[in-house]
Amino acid sequence: MKTAIKIIIHDALENARQAGELELSPFPEIVVEKPKDEKMGDFSTNVAMTLARSERKNPKVIAESVARYLKNGSNDLSQVEIAGPGFINLKMSNEFFLQRLRSAVKQGDDFGQTDVGQGTKVMIEFVSANPTGPLHVGHGRGAAVGDALGRILKKAGYDLSTEYYINDVGNQMNFLGRSTWLRYRELLGEVIEFPADHYRGEYIKDIANEIIEQKRDEFLNLPEEECIPFFRKYATDNILQGIQKDLAEFRVTFDNWFSEQSLYDDNSVEKAIEWLKGKGHIYEKDGAVWLKSSAFNDDKDRVLVKKTGEKTYFCSDIAYHQNKINRGFKKIINLMGADHHGYVPRMEAVLQAMGYDNKIFKILLIQFVSLLRAGEKISMSTRAGEFETLRDVVSEVGVDVARYYFLMRSSDTHLDFDLELAKQETSENPVFYIQYAHARICSIFRTAEEKGVVWDRSNEVDLSLLVEEEEFGIIRAVLAFPEIVEKSARALEVHRISHYLLDMVSRFHGYYSRHRVISDDKALTLARLFLLDAIRITIRNGFELMGISSPEKM
RNA sequence: GCGCCCAUGGCUCAGCUGGAUAGAGCGACGGUUUGCGGAACCGUAGGUCGCAGGUUCGAGUCCUGCUGGGCGCACCA
């Protein structure tokens, strides 16, 4: 919509130049925005103010000149006004909006789709929790945000792939195997002193029990070295399946699950090290192999190969990101918990060292979630085994509510998630407020049908009967949807969608309480139903981006 | 000590690439329906945008310093 306005302004400026009223060197960037107060107009531009310097004229004089050419230039404009220090406020004709409303409804499920992404290949990696235990609430926030971002980027025309990186290598995996093995022996009657640094969660016992059911006491008298590989693999697979299941129930799926181990299997890690060595970015010290990351804005150098010969997590991550780039992604987005923020400069240093433009790489830090129950904090720690799992939270409040809570706030602020509040099906809970609007609209359509109103989305409706100021407020809000999607995609901010929906829906509720939709006036009824249909489509498409359902009844 | 994030009405938060009188929701107080879903609507009270400078025609928004809170600073992942 704003693009259309920009063209109109551009033409007016061009005409002013040809008439010799403006110099326009250089030609200004045209910024169109919405005035805060709708009464001031539908759109405004500050070109006159930005031009003041280069034209050496008072902004008001410039504005008057531009306004004159605007008025003569387009019949989509119903009013052009100059306000304040030189803002040019534009009011559009009703027909301008109604035309666009028609095409929005025609688009249906596709309404909101744009091509700002121009098919750019984007990869977004998220969750990537170690398969050493079930997902907790913090992972849930990452999952919801990553998934929703993916949906938004697709809607904005990007060619998107999602990926989960499985850290199936390293010491933690041995700890996991050993923890399971110890519980196995314990359950078979041995007295075990369970080490504090092992995984103590109940889920380990569940896995051990499963193994007992299948293998009986087969492993009981075997030496540790012969047992661990089996326990390690069994526990990992089991936990990973659990994670996949939890995510699927949370409506989060991935295009690809990428195994860290596979980077070792095909020698990618070795090759990455060799490559960096060839570039002179690597040295040996104290028996370990280091990357000179400090040469690229990291605070210190980092170890790639420990003196034990093992490679660090960071080392395989280098190979992984090289792999991503080689797959042709032009934009690589990683979601991480905010506690990993120290990792950012390190990773950017590597990409620079490898000669890539580090702008293609973007790490989004997701701040912590504090889980509360009636104001009381619940603590989380995987090792200690006392945490609220995503599964528990979802089964308590439901997928819609959980996703909404994770997505309603900017992800760079801490989130307080109060289970008691989330459960309440009252006005405290914005997700129900929005869903209620959708259900209410559906109910109105049901009533209309009962009353014999014949309605079909494809029918021609006389929209000129929509004349109320409130109706146009709603129409403007509906038509802003594609821009909201576009901005969310550009800024990688999901919460804008939820704030937008809330605003639009409250306009609807207000409108509904003051105006009858279904009346004896058949033509007006149809026009208003058309508007409600547009709102319904927008709610549905907006919630679809958030992965939240739009029920027809509640 | 170094680094990242945050700071906006009693509470939880918006505020779009700086723009015109700072907005919601909850809570408080008061009101609204013999009609389409009251899980709704309308109104009132409540803010020196943490503090101090700076840039700008213009700063909640950008820069610097400070204060307060969260999180990091491994040959863990």
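Order of the sequence lines fixes the chain letters, A, B, ..., with proteins taken first and strands second; residue numbering starts at 1 for each chain.
- Annotation: salt bridge (charged side-chain N to carboxylate O under 4.0 Å, His left out) contacts of D503(A) (sequence neighbours excluded): R507(A).
- Nearest to the side-chain atoms of K300(A) among the listed nucleotides C73(B), C71(B), U17(B) stands C73(B).
- With both ends at atom C1', the span from G46(B) to A22(B) equals 14 Å, rounded to whole Å.
- Heavy atoms of A491(A) sit nowhere under 4.0 angstrom from any nucleic acid atom.
- The same atom, P, is picked in C16(B) and in U8(B); the two are 16 Å apart, to the nearest Å.
- D286(A) comes within 4.0 angstrom of a nucleotide base, judged by non-hydrogen atoms across all strands.
- Base contact: E552(A) has a heavy atom under 4.0 Å from a base atom.
- Relative to the side chain of K306(A), the nucleotides C75(B), A40(B), C71(B) differ in distance, and C75(B) lies closest.
- Sequence order on RNA chain B of the closest nucleotides to V505(A) and K285(A) puts V505(A) first from the 5' end.
- No contact: H438(A) has no heavy atom under 4.0 Å from any strand.
- Counting non-hydrogen atoms under 4.0 angstrom, G170(A) reaches nothing in the nucleic acid.
- Ring planes of F314(A) and Y343(A): perpendicular class, angle over 60° (limits at 30 and 60°).
- Screening residues 163-178 of chain A for salt bridge (Lys or Arg N to Asp or Glu O under 4.0 Å), with sequence neighbours left out, gives E163(A)-R327(A), R178(A)-E224(A).
- Ring-plane geometry between H321(A) and F361(A) is classed as perpendicular, the angle between the planes exceeding 60 degrees on a 0 to 90 degree scale with a lower cut at 30.
- Side chains of N167(A) and Q172(A): a donor-acceptor N/O pair is absent below 3.5 angstrom, by distance only.
- If you check distances only, the side chain of D339(A) never reaches the base of G72(B) with a donor-acceptor pair under 3.5 Å.
- Classification of E469(A) and R476(A) as a salt-bridged pair holds, one side-chain N sitting under 4.0 Å from a carboxylate O.
- Under the side chain to side chain contact (heavy atoms under 4.5 Å, CB included) criterion, S488(A) pairs with I152(A), I484(A), R496(A), I497(A), sequence neighbours left out.
- In terms of position on RNA chain B, the residue among G342(A) and K311(A) whose nearest nucleotide sits closer to the 5' end is G342(A).
- In this view, K155(A) satisfies the salt bridge (charged side-chain N to carboxylate O under 4.0 Å, His left out) rule with no residue, not counting sequence neighbours.
- Nucleotide C41(B) holds its P atom 16 Å from the OH atom of Y511(A), rounded to whole Å.
- The nucleotide whose nearest atom lies closest to any side-chain atom of Q367(A) is, among C5(B), A40(B), G3(B), C5(B).
- Proximity note for I444(A) (side chain, C-beta onward) versus C5(B), C36(B), G3(B): the nearest is C36(B).
- The side chain of K553(A) sits closest to G37(B) out of A77(B), G37(B), C71(B).
- Within residues 517-538 of chain A, the residues approached by RNA chain B to less than 4.0 Å at the level of any non-hydrogen atom are V517(A), I518(A), in residue-number order.
- A search for side-chain hydrogen bond (donor to acceptor under 3.5 Å, both in side chains) contacts involving R457(A) returns D533(A), not counting sequence neighbours.
- Among the nucleotides A77(B), G72(B), C75(B), the one closest to the side chain of N130(A) is A77(B).
- Among the atoms of the strands shown, base atoms are found under 4.0 Å from some heavy atom of S443(A).
- Candidate nucleotides A77(B), C41(B), G37(B) were compared by shortest atom distance to the side chain of E260(A), and A77(B) ranks first.
- Contacts of R409(A) classified as salt bridge (charged side-chain N to carboxylate O under 4.0 Å, His left out), with partners at least two apart in sequence or in another chain: none.
- With pairs defined as Watson-Crick or G-U wobble and both atom distances under 3.5 Å, the stems of at least three pairs that touch RNA chain B come out as B:1-7 with B:67-73, B:10-13 with B:23-26, B:28-32 with B:40-44, B:50-54 with B:62-66.
- Among the atoms of the strands shown, base atoms are found under 4.0 Å from some heavy atom of Y512(A).
- Using the six-membered ring where Trp is involved, Y404(A) and F543(A) have ring planes that are perpendicular, over 60° apart on the 30 and 60° scheme.
- Here C75(B) is the nucleotide among A20(B), A77(B), C75(B) with the atom lying nearest to any side-chain atom of A288(A).
- Residue contacts shown for R490(A) are absent, as no nucleic acid heavy atom lies under 4.0 Å away.
- Across all strands shown, Y343(A) has heavy atoms under 4.0 Å from base atoms, whether or not it also approaches the sugar-phosphate.
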Note to self: Base contacts versus sugar-phosphate-only contacts with protein, heavy atoms under 4.0 Å: please encode nucleotides 9-15 of chain B as B, S and - from 5' to 3'.
What the structure shows: ---SSSS
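- Among pairs with a residue in residues 335-348 of chain A, none fulfils salt bridge (Lys or Arg N to Asp or Glu O under 4.0 Å), at least two apart in sequence or across chains.
- Listed by chain and number, the residues in a side-chain hydrogen bond (donor to acceptor under 3.5 Å, both in side chains) with H340(A) amount to none (sequence neighbours excluded).
- Residue contacts for N89(A): at a heavy-atom cut-off of 4.0 Å it reaches a base atom on one of the strands shown.
- Rounding to whole angstrom units, CD1 of residue I82(A) and C1' of A20(B) are separated by 15 Å.
- Of the candidate nucleotides C75(B), A20(B), C41(B), A20(B) has the atom lying nearest to any side-chain atom of A83(A).
- Residues that satisfy the side chain to side chain contact (heavy atoms under 4.5 Å, CB included) test with K307(A), not counting sequence neighbours, are absent from this structure.
- Set against C71(B), A77(B), C36(B), the side chain of N167(A) has A77(B) as its closest nucleotide.
- One N or O donor and one acceptor, one from the side chain of K487(A) and one from the base of C16(B), sit under 3.5 Å apart.
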